[in-house]
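Worksheet for the structure shown next.
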4 protein chains.
Amino acid sequence: MDETSFKLLAKYLPSTYVQQAKDARNTTNFLFNQLLEKRKWPEEGWSERDIEILLDELASLDSNNFLKNHGVGEREARIASSLVAKRNFHLGHGLGRSGDLTEVQPKAAGSSVLYQLTNDLAKDALRTLGVPDVKACFVAPLATGMSLTLIFLCLRQQQPKARYIIWSRIDQKSCFKSITTAGFEPIIVEPILNGEELVTDTEKIETIMKQIDPDLIACVMTTTSCFAPRACDDVETVAVLCKIYRVAHVINNAYGVQSTKCMHVIQQASKKGRVDAFVQSTDKNFMVPVGGTIIAGFDKCFVSKISQCYPGRASSSPIVDLFITLLSLGSKEYKSLARERKQLFQLLKEGLAKIASRFGQRVLDTPGNSISIGISLPSVKDPKSLTQLGSQLFLRCVSGTRVVSNLESKVINGHEFRNWGAHHSNYPTGYLTAAATIGMTALDVEQFLQRLTKVMESWSTKTIPIVSPSLTNGHDGFTQDLLTSDYLVDQESSVI
Amino acid sequence: MDETSFKLLAKYLPSTYVQQAKDARNTTNFLFNQLLEKRKWPEEGWSERDIEILLDELASLDSNNFLKNHGVGEREARIASSLVAKRNFHLGHGLGRSGDLTEVQPKAAGSSVLYQLTNDLAKDALRTLGVPDVKACFVAPLATGMSLTLIFLCLRQQQPKARYIIWSRIDQKSCFKSITTAGFEPIIVEPILNGEELVTDTEKIETIMKQIDPDLIACVMTTTSCFAPRACDDVETVAVLCKIYRVAHVINNAYGVQSTKCMHVIQQASKKGRVDAFVQSTDKNFMVPVGGTIIAGFDKCFVSKISQCYPGRASSSPIVDLFITLLSLGSKEYKSLARERKQLFQLLKEGLAKIASRFGQRVLDTPGNSISIGISLPSVKDPKSLTQLGSQLFLRCVSGTRVVSNLESKVINGHEFRNWGAHHSNYPTGYLTAAATIGMTALDVEQFLQRLTKVMESWSTKTIPIVSPSLTNGHDGFTQDLLTSDYLVDQESSVI
Amino acid sequence: MDETSFKLLAKYLPSTYVQQAKDARNTTNFLFNQLLEKRKWPEEGWSERDIEILLDELASLDSNNFLKNHGVGEREARIASSLVAKRNFHLGHGLGRSGDLTEVQPKAAGSSVLYQLTNDLAKDALRTLGVPDVKACFVAPLATGMSLTLIFLCLRQQQPKARYIIWSRIDQKSCFKSITTAGFEPIIVEPILNGEELVTDTEKIETIMKQIDPDLIACVMTTTSCFAPRACDDVETVAVLCKIYRVAHVINNAYGVQSTKCMHVIQQASKKGRVDAFVQSTDKNFMVPVGGTIIAGFDKCFVSKISQCYPGRASSSPIVDLFITLLSLGSKEYKSLARERKQLFQLLKEGLAKIASRFGQRVLDTPGNSISIGISLPSVKDPKSLTQLGSQLFLRCVSGTRVVSNLESKVINGHEFRNWGAHHSNYPTGYLTAAATIGMTALDVEQFLQRLTKVMESWSTKTIPIVSPSLTNGHDGFTQDLLTSDYLVDQESSVI
Amino acid sequence: MDETSFKLLAKYLPSTYVQQAKDARNTTNFLFNQLLEKRKWPEEGWSERDIEILLDELASLDSNNFLKNHGVGEREARIASSLVAKRNFHLGHGLGRSGDLTEVQPKAAGSSVLYQLTNDLAKDALRTLGVPDVKACFVAPLATGMSLTLIFLCLRQQQPKARYIIWSRIDQKSCFKSITTAGFEPIIVEPILNGEELVTDTEKIETIMKQIDPDLIACVMTTTSCFAPRACDDVETVAVLCKIYRVAHVINNAYGVQSTKCMHVIQQASKKGRVDAFVQSTDKNFMVPVGGTIIAGFDKCFVSKISQCYPGRASSSPIVDLFITLLSLGSKEYKSLARERKQLFQLLKEGLAKIASRFGQRVLDTPGNSISIGISLPSVKDPKSLTQLGSQLFLRCVSGTRVVSNLESKVINGHEFRNWGAHHSNYPTGYLTAAATIGMTALDVEQFLQRLTKVMESWSTKTIPIVSPSLTNGHDGFTQDLLTSDYLVDQESSVI
């Protein structure tokens, strides 16, 4: 509706009502304009209705929604199914142009604005949540691993001789594959055992940096959020080393946005040392469906180069999901959820400690991990019995636990990993992990603890603990079981 | 509802109605089961209602929708916004596992089935539409260019020494970038002028193959669908050469699925020679929003390797869009649309011929291009006047035309292209192109022709044609104009 | 978005794109403004997207959607469920005020405009479809029968002594109940047999008018659309009589809007005689869910009085459905569907004639019915066998046929009807009817004829026709069967 | 999906996942079956997703959604617009048959079950919320006033001689019109002034009962929820009188379900005396859009008769809204909202008392009204200044206040009401009312009090209070102001 519409409405309504309605509309427009002007994550969440209206408004700026448009190009964003059109708010042109993900599309002004706004909101969210110095970011419709690959490919363009990536081991296949898919050779630095916790072997990283020509090293990759008993990497020290030895530094902050600790170390690292880019998954941190990441950095120019590496137009769906969610929650609600998560982490820890002690076990002491908690499991003769623990939990509708038996070896892209899953070749005990992540409720914790207790009860009566402290050989029967057993359920979903 | 529900309904309804209702339900279930069993693209389209019910059913199989599920992992597909949840049919887990896009996800049985079904439907669609010998494919939530990059990265893993990709020049930035982003060096083979048509220089390709160690060549990349006056590449001959010289062959079939011709040459190429993979965009061929491709091939194992290269879980949104659209259209409706496109191509050609002759120009003779048509433009002193032609059309709500002045040079990733946009360093004339693509209507053609006539009329009176046949130097004023002028509108959207 | 928004967009987009987007928006606004100004049923249908945007715009004018509104009344249109809010486009205030359905609501300017627009569209639709002289109408969220009741109650207020309604018998319970619920006594005028057709006994109507004090007669009620072999009432003659004898005349035009004939007789009646109001169902004529009627008339003041009789605010849902549908179809598409209906009526008639003759029966000759067709059925000993015919069709997914055995009597509100269902105490034969209504497809006719043939085949072999021409007594076993048998399926759905 | 589907899924998934998925489905089915079996308002609310799935399941039982159905009746629930189809969950057949709103429809088994379930839930809700003895109810798609009319029409059928309805005056037009539209004559019993509160004049009611032949009295109508300073009627005493004098008793419980007090008096009245029916609005009590009521009673047979009076099929939209909302909230959430309302009533009262005392006014003492609160206003010379108070609040986005100046007389259907709006011919002071209703938030109260303070401040400076205690004549200027002033905003929306 425009001025003319309101004049026409005077035929239908007393003038005071028309004025009132106009005022109300202006309030909504004011809301939109504030967003367009300030480009900040609003504190108060918006109603779904206002979000939908804004999306409709933006879609109206795309040529495929022009009433009189006729397209004679090869790509005119025609949408065959009205069901598809609706779920995409009639946005059909995706993101970016062939040259650059973040470039404006002539045919799709609305989509282009939407993408810029989402990137602005995402940047403000990262700043608000603990990395105030972040300079630029963009939301990529890619998995975390694929986003890392894209960054690595971008680094190659800058440093054509590079062959290696120094990698602080984390047993998550995507992390490893992000290196090999990009065509690099990983130099694996196993974390060291500090008490029960696995921490970054910064000494070894430095040694490698000293030994190898920096031109041959594409970057060091560290990881913040991870499964216990691995701790958040010592990204500050690594950043300092990277600065000294002039090596790029890429941080996998997969689900670290929800943790003030993970965010804080990135901010510190950027101050003291070198951080070229850090990547976070949108689904794990912002409760949207899987499919996007925020690729961020402290150098606008480098972040822009990454976005220029993506050849072609990309799906705007993950961007739309994030845009809606950020507006819908607002920073206030998000922070409140983040605080709740922190409280539930304590609740979970205490609950697990009680259960563990009842069965002669303990919560692993991992002060460096603010999200995931492990409890030790008894040594068993047959690793299948550990497997069964996970399976039984899954069948009782507990998802997300992870049982590590320390018995498996795995070969990925030619590299052998002893005790795959444990982040370490020789972790002294088997264990089960659980995590407190954003969006979790007290009921989730309560139900999990109840069901775990029941499963442990029935399981402990069947399992005879054995004395030998640790088994380091893989068992044949074990790997065959992977596809159907629950063991695997979260085995590989750890980081990305 | 289950058997018990129907028993309970007998308290509400006479038994005959209950029976009738049960029968009706069985009919719907039969529809679903046929799909699950046959894994074929149905001939008759489904109603949106049936599609939505099936999607709901599948989503019910994902753990985040289990009524009593409690998640303690780091990724539990919690969806914060109900608006987001609904537009994604409550599917939150995305595609694949860290190891492989096509792997089954334990927490997301429904999503996994959905993805397999979509891949099955896509394969059947490719078969139905002209490539009956295709062996495997998967839908990737990636741009066409990024999909090509993924294939190239996969080829590197198989052939670690490879450095080059032989590329039959097509002036679309994404195509070129797909090579450089993957870290390869392009060997550019410019098409040769055959009359007014630009055709593949197969001789030069063979010469290169002879000269360079095949281990150093990752592949040859050819393109089917493209803007006139470039023709569909001679993929058959290239395929034969690739077979002889043991070089991989990747075909960019960006929007070729809608053209029986493009599909036929791929089928023939696979019979006579070597085709490792061919890629098609989902948006351009199947009228869904931008964001996906079908990566297909004739060797199941190689296609599977490509999907294993993607590190991490990916967005299922482009898959959902394609799934809905394929079911909604059915093959019958799609074929009918494809036939209509063919007819509109003729209509467009005839209309353009009339307009061209009126202004002393001609339709370029390009029998090898079944989608795009070019008409020559007069030589002008100031290239801006050509620019204006495009701008004026866009301002009159005609999108998708492309004006090529043959005056621009461009440097992309260090490679200089003379006459960027023309696929050729020295094309003899400026021209304007338009395309007939699937989903176009007779009204689109009619309106375009009308508006073009008007624009040409006003334009021709202002423009004084000059005699000099061709200008080969870039004009400074020209490139500065790019951002605001319509010249650019489709300049770079040509192929991908 | 407003002017300020577009200024702000210049930070995101080149100015030409902003201008283009603004132009596009203006085109949409122009569409809305034309509707607001002309208040006519558009010829071309609108896209669902434009309809939804307009509904959103209108809803924004209601106080419950004002961003800063705080309500302290007893009715503030709060909507608890977001699912409910969405399906109602956030419209919560319903229609009208306590005084009058069509009055403007201060808190709900948007809803009020929506209702006025719908009434305007409905009026224009009635005019366009054959009653150009209609002066006023409103859409009531009431069943046809209840709408008639409301009119009768309004007539009582004008004529407090009135006790009777003269009613040209039609065997549809709602019609009859509309009289008794309003507290009037029906004077039943049975149609007379003209060949095989049942036509209005206008002579008897006149006789009654002469005998009874006109102050005691609230009105005559006639019916246009009905099941064969009853014809459309002779509303013209009745209208003339009503004018002469100063008796009000109310026409039940339940599903007559789709028939040019029914509309024509109403227009003629209004010219030659007296028509106080005529009522049409929205669902049957405009393919919306059951729930509304258009109450129309030739005297603005009387129509307004009817709307003032409704005490309270009413559901806007049926209005929203009609508004969407009228805009979505446009008059062009509607007329095309109406023409198709006419053709299918012929197709159905011919098909039924073939089937009838094959089984020794005939299509009943009813030139006065343009929607429904009857074929005679053989006389049978046991009426259950006729019942089975209907049941078997329903079980084969043919809905809407109606089998009349001429054997039942029924007492409704104290009045006994011989041969209830046949509109006549003594119709000479049993029969089956089928109708061609708007929205029907050729496939519907084809499938019906096929299935009818099959059912008749199996049925005729079991049934031995008997000679006695007509049975006039009800059968005990028959009525008991009503609830479960298909006989009933459409027995009572005939007119309203 | 059925058993066969799950067998087929084994081709896609490991068997354990299939089993897990089946179990999850069974949980959902169990939820549905519990509802079907127990027919009770669930304590815990359902997710929107589960509600939508159940609605889809029910819609699948309606013949218009049968995959192979072909309709040849006059009403086949074809839905032209897919937007309309979706918002109605593809339910097209409405409610009831011509004979009875609550009768099962053969073509619409699903709709029929839905209606029965909604009526069951509504009955259980009334029982849970304070009227445990209620025997039957049905949800009518009618305004409260129209529902009362329907009840009165039903009473006429039982008592054909009845002419009068005894009415405890409440100044809400719909209430009054419900009587006159039904064709009855109201005997108006003005409430008496008890302190500042207006209470039922039961003595006068008894006197009338004694004087008039009970056969001539259709019923007494009392009202529970109303605007202060009127109190909830003394329905218990009236009920006792009705029992003694054998007069029917109908209670308008418009928005009383949210008040334990209103519900309690109905329950008590039914125990001690006679209550034939009581009516409550669905929108005001259950936060759905305007459009429905629950008509309830203590005699199954009488309630059934009322539903049989509605001639024709009715809109199911208000039923769907209520069904969704009851399931979505669950009784637990509803009770919690009701408790919150009670607290906000106190908050509002205290806040108003502070403001009132600041401006030399007071909160009217009305212990018999648990929802609405009045504060006195100064006597003014020009009633327009009172009008302005309301207008200014409305312009500041406070809706729902009601200013009564005690100066207006109104003639409705021939009856003159002195001081219309005040429920009394001679209330001693002007006042402003505000109400605390379900769904209100603390922010609503806070903002209202703030804005009221501001408006009073600016208003009091302009208004010079005069001494003369009460003006009893209407002012001409006043009524002319009605359309544009806020005075009217809620003037007439008071009760229904």
Side-chain angles (χ1 to χ4, degrees), chain A residues 48 63 66 68-75 78 80-81 83-84 87-88 92 94 98-99 106-107 141 143-146 153 156 173-174 177-178 181 183 255 284 287 289-291 309 311-315 317-318 321 324-325 328 397-400 434-435 437 439 444 447-448 489-490 492 496, chain B residues 48 63 66 68-75 78 80-81 83-84 87-88 92 94 98-99 106-107 141 143-146 153 156 173-174 177-178 181 183 255 284 287 289-291 309 311-315 317-318 321 324-325 328 397-400 434-435 437 439 444 447-448 489-490 492 496:
Chain A
E48 289 204 350
S63 64
F66 293 177
K68 308 214 163 165
N69 199 68
H70 293 282
V72 293
E74 89 294 2
R75 183 186 51 78
R78 291 187 179 98
S81 152
L83 188 54
V84 170
R87 69 179 290 265
N88 288 287
S98 44
K107 284 187 197 170
T144 312
M146 193 67 199
L153 291 173
R156 163 173 285 139
K173 226 171 163 184
S174 304
K177 282 206 150 186
S178 70
T181 290
Y255 46 101
K284 297 191 206 78
M287 293 166 285
V290 162
C309 275
R313 279 171 177 78
S315 172
S317 214
D321 288 344
I324 294 170
T325 303
S328 166
C397 284
V398 169
S399 57
T437 54
D444 287 331
Q447 285 292 316
F448 162 59
V489 168
D490 282 290
E492 295 176 1
I496 293 190
Chain B
E48 289 204 349
S63 64
F66 292 177
K68 311 215 162 164
N69 199 69
H70 294 281
V72 292
E74 89 295 2
R75 185 186 50 78
R78 290 185 180 102
S81 153
L83 188 53
V84 170
R87 69 177 291 263
N88 288 287
S98 46
K107 282 186 197 170
T144 313
M146 193 68 199
L153 291 174
R156 165 173 282 141
K173 225 169 160 187
S174 305
K177 284 206 147 183
S178 70
T181 290
Y255 46 101
K284 296 191 203 79
M287 293 167 286
V290 162
C309 276
R313 280 170 178 79
S315 170
S317 213
D321 288 343
I324 292 171
T325 304
S328 166
C397 285
V398 168
S399 58
T437 54
D444 288 331
Q447 285 292 316
F448 162 59
V489 168
D490 285 287
E492 297 177 0
I496 290 189

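Remember, predicted model here, so these are calculated numbers, not experimental data. Any value given below was found using the heavy atoms of this structure, including those in side chains, with hydrogens, waters and symmetry copies removed. A, B, ... follow the sequence lines: proteins, then strands. Residue 1 opens every chain.
Side-chain N or O atoms of B/Glu48 include one that pairs as donor or acceptor with a backbone N or O of A/Leu83 at under 3.5 Å.
For the set A/Gly291, A/Gly439, A/Pro141, A/Pro289, the entry with the most heavy-atom pairs within less than 4.5 Å of chain B is A/Pro289. Ranked by heavy-atom pairs under 4.5 Å with chain B, the first of A/Asn69, A/Val72, A/Thr325 is A/Val72. Taking chain A as the reference chain and counting heavy-atom pairs below 4.5 Å, the highest number among B/Thr437, B/Leu153, B/Thr181 is found for B/Thr181. With chain A as the partner, the residue from B/Ser63, B/Gly71, B/Cys397 showing the most heavy-atom pairs under 4.5 Å is B/Cys397.
Proximity to chain A (any heavy atom under 4.5 Å) is restricted, for B/Arg156, to the side chain, taken from C-beta onward. Looking at A/Pro318, only its side chain comes within 4.5 Å of chain B, counting heavy atoms on both sides. Residue contact with chain A, scored on non-hydrogen atoms closer than 4.5 Å, involves the backbone of B/Ala314 exclusively.
How far SG of A/Cys309 is from NZ of B/Lys177: 6.5 Å, rounded to the nearest 0.5 Å.
Taking 4.5 Å as the limit, some side-chain heavy atom of B/Arg87 sits within range of a side-chain heavy atom of A/Asp321. Looking only at side-chain heavy atoms (C-beta outward), B/Arg313 and A/Thr144 stay at 4.5 Å or farther from each other.
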inquiry  = One pair to check against side-chain hydrogen bond (donor to acceptor under 3.5 Å, both in side chains): A/Ser328 and B/Ser81. What are the steps and the verdict?
reply    = CA-CA 7 Å; A/Ser328 166; B/Ser81 153; 4.6 Å; no

request  = Using the side-chain contact (heavy atoms from CB on, under 4.5 Å) rule, take A/Arg75 and B/Val290 through it: C-alpha gap first, then chi angles, then the decisive distance, then the call.
outcome  = CA-CA 9 Å; A/Arg75 183 186 51 78; B/Val290 162; 4.2 Å; yes

